[in-house]
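Quick notes on the structure that follows.
The basis for the numbers below is simple: all heavy atoms, side chains too, and nothing from hydrogens, waters or symmetry mates.
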Amino acid sequence: MKPLATVYLISLVGFSIALPTDTVPSGPSNVLSPVQGEHITPAPIDGQKPYVTGVSEQNVTASLKGEEAGLNKRATLIVDIWADINQGGRHEGLISDTQRCYNLVNGWNDQVSSLSVPSGFGCIFYQNNDCNPNDFRLTVTGAYYVSNVGDYGFNDIISSYLCYN
(Lines give C-alpha, C1' and ligand atoms only; values in the text may rest on other atoms or scores of the structure.)
Protein backbone atom coordinates (compact mmCIF):
# COMPACT_ATOMS: atom_id res chain seq x y z
CA MET A 1 0.00 0.00 0.00
CA LYS A 2 2.80 2.42 0.84
CA PRO A 3 4.61 1.96 -2.53
CA LEU A 4 1.33 2.71 -4.34
CA ALA A 5 0.92 5.97 -2.38
CA THR A 6 4.50 6.94 -3.28
CA VAL A 7 3.86 6.31 -6.99
CA TYR A 8 0.64 8.34 -6.79
CA LEU A 9 2.47 11.22 -5.08
CA ILE A 10 5.27 11.16 -7.66
CA SER A 11 2.73 11.23 -10.49
CA LEU A 12 1.00 14.26 -8.93
CA VAL A 13 4.30 16.09 -8.57
CA GLY A 14 5.19 15.24 -12.17
CA PHE A 15 1.80 16.53 -13.36
CA SER A 16 2.13 19.84 -11.56
CA ILE A 17 5.55 20.41 -13.08
CA ALA A 18 4.05 19.94 -16.57
CA LEU A 19 1.54 22.79 -16.11
CA PRO A 20 2.30 26.00 -18.03
CA THR A 21 3.97 28.66 -15.92
CA ASP A 22 2.95 31.74 -17.94
CA THR A 23 -0.77 31.77 -17.18
CA VAL A 24 -2.91 34.80 -17.90
CA PRO A 25 -3.62 36.76 -14.71
CA SER A 26 -7.22 36.75 -13.58
CA GLY A 27 -9.23 39.88 -12.91
CA PRO A 28 -10.27 42.87 -14.97
CA SER A 29 -8.09 44.02 -17.84
CA ASN A 30 -9.13 47.64 -17.60
CA VAL A 31 -9.26 49.70 -14.44
CA LEU A 32 -10.49 53.23 -13.92
CA SER A 33 -7.65 55.69 -14.02
CA PRO A 34 -7.13 57.57 -10.77
CA VAL A 35 -7.03 60.71 -12.94
CA GLN A 36 -10.45 61.67 -14.30
CA GLY A 37 -11.16 65.03 -15.84
CA GLU A 38 -12.83 66.90 -18.62
CA HIS A 39 -11.98 65.51 -22.04
CA ILE A 40 -12.87 67.13 -25.33
CA THR A 41 -14.08 64.40 -27.63
CA PRO A 42 -15.04 64.61 -31.30
CA ALA A 43 -18.47 63.59 -32.53
CA PRO A 44 -18.58 59.81 -33.20
CA ILE A 45 -19.07 59.17 -36.92
CA ASP A 46 -19.58 55.49 -37.70
CA GLY A 47 -17.09 54.14 -40.22
CA GLN A 48 -14.79 57.18 -40.18
CA LYS A 49 -11.17 56.19 -40.68
CA PRO A 50 -9.07 56.32 -37.45
CA TYR A 51 -6.64 59.19 -37.06
CA VAL A 52 -3.64 60.03 -34.91
CA THR A 53 -3.13 63.25 -33.01
CA GLY A 54 -0.06 64.33 -31.18
CA VAL A 55 1.08 66.53 -28.41
CA SER A 56 0.58 70.05 -29.72
CA GLU A 57 -2.52 72.13 -29.05
CA GLN A 58 -2.59 72.97 -32.76
CA ASN A 59 -2.98 69.27 -33.63
CA VAL A 60 -5.74 68.85 -31.04
CA THR A 61 -7.69 71.76 -32.50
CA ALA A 62 -7.16 70.61 -36.07
CA SER A 63 -8.25 67.05 -35.29
CA LEU A 64 -11.50 68.21 -33.74
CA LYS A 65 -12.36 70.38 -36.77
CA GLY A 66 -14.36 72.59 -34.47
CA GLU A 67 -16.80 69.79 -33.64
CA GLU A 68 -17.08 69.07 -29.94
CA ALA A 69 -19.42 66.39 -28.76
CA GLY A 70 -22.06 67.68 -26.41
CA LEU A 71 -22.55 66.20 -22.99
CA ASN A 72 -24.28 62.87 -23.37
CA LYS A 73 -25.71 60.51 -20.85
CA ARG A 74 -23.12 57.94 -19.78
CA ALA A 75 -23.45 54.63 -21.58
CA THR A 76 -21.77 51.24 -21.41
CA LEU A 77 -20.05 49.57 -24.35
CA ILE A 78 -17.61 46.76 -25.09
CA VAL A 79 -14.30 47.55 -26.79
CA ASP A 80 -12.70 44.45 -28.32
CA ILE A 81 -8.91 44.20 -28.28
CA TRP A 82 -6.53 41.52 -29.60
CA ALA A 83 -2.86 40.87 -28.90
CA ASP A 84 -2.06 40.21 -32.57
CA ILE A 85 -3.06 41.80 -35.85
CA ASN A 86 -6.18 40.64 -37.71
CA GLN A 87 -8.05 39.62 -34.54
CA GLY A 88 -5.32 37.13 -33.68
CA GLY A 89 -3.96 35.89 -30.38
CA ARG A 90 -5.37 36.73 -26.99
CA HIS A 91 -8.73 38.56 -27.07
CA GLU A 92 -10.64 40.56 -24.50
CA GLY A 93 -13.92 42.45 -24.55
CA LEU A 94 -13.43 45.47 -22.28
CA ILE A 95 -16.66 46.57 -20.62
CA SER A 96 -16.40 50.35 -20.48
CA ASP A 97 -18.46 53.39 -19.54
CA THR A 98 -18.32 56.47 -21.73
CA GLN A 99 -16.48 59.56 -20.51
CA ARG A 100 -14.29 57.45 -18.19
CA CYS A 101 -10.56 56.94 -18.59
CA TYR A 102 -9.34 53.36 -18.25
CA ASN A 103 -5.76 52.13 -17.89
CA LEU A 104 -4.95 48.75 -19.42
CA VAL A 105 -3.74 46.18 -16.89
CA ASN A 106 -3.66 42.42 -16.48
CA GLY A 107 -1.08 41.88 -19.19
CA TRP A 108 -2.63 44.25 -21.76
CA ASN A 109 -0.52 47.40 -21.26
CA ASP A 110 1.51 47.90 -24.47
CA GLN A 111 0.14 44.64 -25.94
CA VAL A 112 -2.75 45.66 -28.24
CA SER A 113 -2.29 45.06 -31.98
CA SER A 114 -5.89 45.15 -33.30
CA LEU A 115 -9.15 46.52 -31.93
CA SER A 116 -12.79 47.23 -32.62
CA VAL A 117 -15.14 50.00 -31.44
CA PRO A 118 -18.93 49.44 -31.62
CA SER A 119 -21.32 51.53 -33.67
CA GLY A 120 -22.49 54.79 -32.11
CA PHE A 121 -19.34 55.28 -30.03
CA GLY A 122 -15.80 56.52 -30.45
CA CYS A 123 -12.69 55.78 -28.41
CA ILE A 124 -9.39 57.58 -27.98
CA PHE A 125 -6.43 55.31 -27.27
CA TYR A 126 -3.42 56.86 -25.50
CA GLN A 127 0.24 55.92 -25.49
CA ASN A 128 0.56 56.40 -21.73
CA ASN A 129 -1.64 55.87 -18.66
CA ASP A 130 -4.32 58.29 -17.45
CA CYS A 131 -5.60 59.58 -20.84
CA ASN A 132 -3.46 62.70 -20.90
CA PRO A 133 -4.93 65.02 -23.58
CA ASN A 134 -1.38 66.09 -24.51
CA ASP A 135 -0.34 62.48 -25.16
CA PHE A 136 0.15 60.74 -28.51
CA ARG A 137 -3.27 59.22 -29.27
CA LEU A 138 -5.30 57.29 -31.81
CA THR A 139 -8.98 58.17 -32.28
CA VAL A 140 -11.22 55.38 -33.58
CA THR A 141 -14.88 56.11 -34.29
CA GLY A 142 -17.71 53.62 -34.05
CA ALA A 143 -18.35 50.64 -36.25
CA TYR A 144 -14.67 50.51 -37.13
CA TYR A 145 -12.32 47.56 -36.84
CA VAL A 146 -8.60 48.34 -36.92
CA SER A 147 -6.88 45.17 -38.11
CA ASN A 148 -3.39 46.52 -37.38
CA VAL A 149 -2.89 49.51 -35.08
CA GLY A 150 0.74 49.45 -36.26
CA ASP A 151 -0.50 51.09 -39.48
CA TYR A 152 -1.04 54.17 -37.29
CA GLY A 153 2.17 53.80 -35.27
CA PHE A 154 0.33 52.30 -32.28
CA ASN A 155 1.36 48.64 -32.24
CA ASP A 156 2.01 47.51 -28.68
CA ILE A 157 2.02 51.03 -27.18
CA ILE A 158 -1.59 51.56 -26.03
CA SER A 159 -1.78 52.09 -22.25
CA SER A 160 -5.13 53.83 -21.66
CA TYR A 161 -8.35 54.75 -23.45
CA LEU A 162 -11.48 56.85 -23.14
CA CYS A 163 -14.73 56.22 -25.04
CA TYR A 164 -17.52 58.64 -25.83
CA ASN A 165 -20.92 58.80 -27.51
Side-chain angles (χ1 to χ4, degrees), residues 24-25 27-57 59-165:
V24 176
S29 294
N30 59 337
V31 295
L32 278 175
S33 166
V35 178
Q36 298 290 331
E38 293 295 319
H39 292 274
I40 297 174
T41 56
I45 301 170
D46 284 351
Q48 181 182 18
K49 189 173 179 171
Y51 57 92
V52 175
T53 52
V55 297
S56 75
E57 187 63 34
N59 286 346
V60 172
T61 304
S63 72
L64 295 176
K65 296 184 180 106
E67 300 175 33
E68 291 184 18
L71 294 177
N72 291 315
K73 186 176 180 181
R74 190 162 286 147
T76 301
L77 66 146
I78 296 176
V79 177
D80 287 297
I81 58 174
W82 290 268
D84 298 326
I85 64 170
N86 299 317
Q87 296 178 328
R90 184 176 167 207
H91 168 258
E92 184 102 23
L94 303 175
I95 299 171
S96 310
D97 289 332
T98 57
Q99 302 303 327
R100 297 272 191 195
C101 175
Y102 291 92
N103 292 330
L104 294 177
V105 295
N106 204 15
W108 279 107
N109 186 37
D110 295 341
Q111 296 298 311
V112 176
S113 294
S114 57
L115 56 87
S116 179
V117 175
S119 178
F121 297 93
C123 295
I124 304 170
F125 298 90
Y126 297 82
Q127 182 177 8
N128 297 301
N129 281 338
D130 302 329
C131 302
N132 184 334
N134 294 320
D135 201 358
F136 188 49
R137 57 199 178 279
L138 172 67
T139 301
V140 180
T141 58
Y144 206 92
Y145 162 65
V146 182
S147 61
N148 184 357
V149 294
D151 292 344
Y152 302 92
F154 266 79
N155 191 47
D156 294 342
I157 68 166
I158 295 173
S159 296
S160 62
Y161 70 97
L162 175 133
C163 296
Y164 56 92
N165 59 344

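- The side-chain contact (heavy atoms from CB on, under 4.5 Å) search around Gln111 returns Trp108, not counting sequence neighbours.
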Worked verdict on Val79 versus Phe125 for side chain to side chain contact (heavy atoms under 4.5 Å, CB included)
CA-CA 11 Å; Val79 177; Phe125 298 90; 4.0 Å; yes
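- A 4.5 Å side-chain heavy-atom check between Asp130 and Asn103 finds at least one atom pair inside the cut-off.
- Atom CG of Asn165 is separated from atom CD of Gln99 by 7.0 Å, given to the nearest 0.5 angstrom.
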Using side chain to side chain contact (heavy atoms under 4.5 Å, CB included), reason through Leu104 and Ser159 one step at a time and then give a plain yes or no.
CA-CA 5 Å; Leu104 294 177; Ser159 296; 5.8 Å; no
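- Between the CD1 atom in Ile78 and the OG atom in Ser116 there is a gap of 11.0 Å [rounded to 0.5 Å].
- Between Gln87 and Ser114 the shortest heavy-atom distance is N-OG, 3.3 Å.
- Between Phe121 and Val117, the shortest heavy-atom distance links the atoms O-CG1, 3.7 Å.
- Taking both residues in full, the closest heavy atoms of Tyr102 and Asp97 are given as OH-N, 3.0 Å, listed atom of the first, atom of the second, then distance.
- For the atom pair CZ (Arg100) and SG (Cys131), the distance works out to 12.0 Å, reported to the nearest 0.5 Å.
- Between Phe136 and Phe154, the ring planes are parallel. Angles under 30° get that label, and only those over 60° would be called perpendicular.
- Between Ser96 and Tyr161 the shortest heavy-atom distance is OG-OH, 2.6 Å.
- Rounding to the nearest 0.5 Å gives a distance of 8.5 Å between CD1 of Ile95 and OG1 of Thr76.
- Between Asn128 and the options Asp110, Asp135, Asn134, Asn109, a side-chain hydrogen bond (donor to acceptor under 3.5 Å, both in side chains) holds for only Asp135.
- For the atom pair CG (Asn155) and CD1 (Ile85), the distance works out to 8.0 Å, reported to the nearest 0.5 Å.
- Checking Asp156, Asn86, Asp84, Asn148 one by one against Ser113, the side-chain hydrogen bond (donor to acceptor under 3.5 Å, both in side chains) holds for a single residue, Asp156.
- Results of the side-chain contact (heavy atoms from CB on, under 4.5 Å) test with Cys123 over Leu77, Leu94, Leu115, Leu162 single out Leu77 as the only residue that passes.
- Here the OH atom belonging to Tyr145 is positioned 10.0 Å from the CG atom belonging to Asp80, to the nearest 0.5 angstrom.
- Within the 4.5 Å cutoff, no side-chain heavy atoms of Cys101 are placed close to those of Tyr126.
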Going through the distances and angles, do Asn129 and Ser160 end up as a side chain to side chain donor-acceptor pair (under 3.5 Å)?
CA-CA 5 Å; Asn129 281 338; Ser160 62; 5.3 Å; no
Between Thr139 and Tyr164, is a side chain to side chain contact (heavy atoms under 4.5 Å, CB included) present by the stated rule, with each step listed?
CA-CA 11 Å; Thr139 301; Tyr164 56 92; 3.6 Å; yes
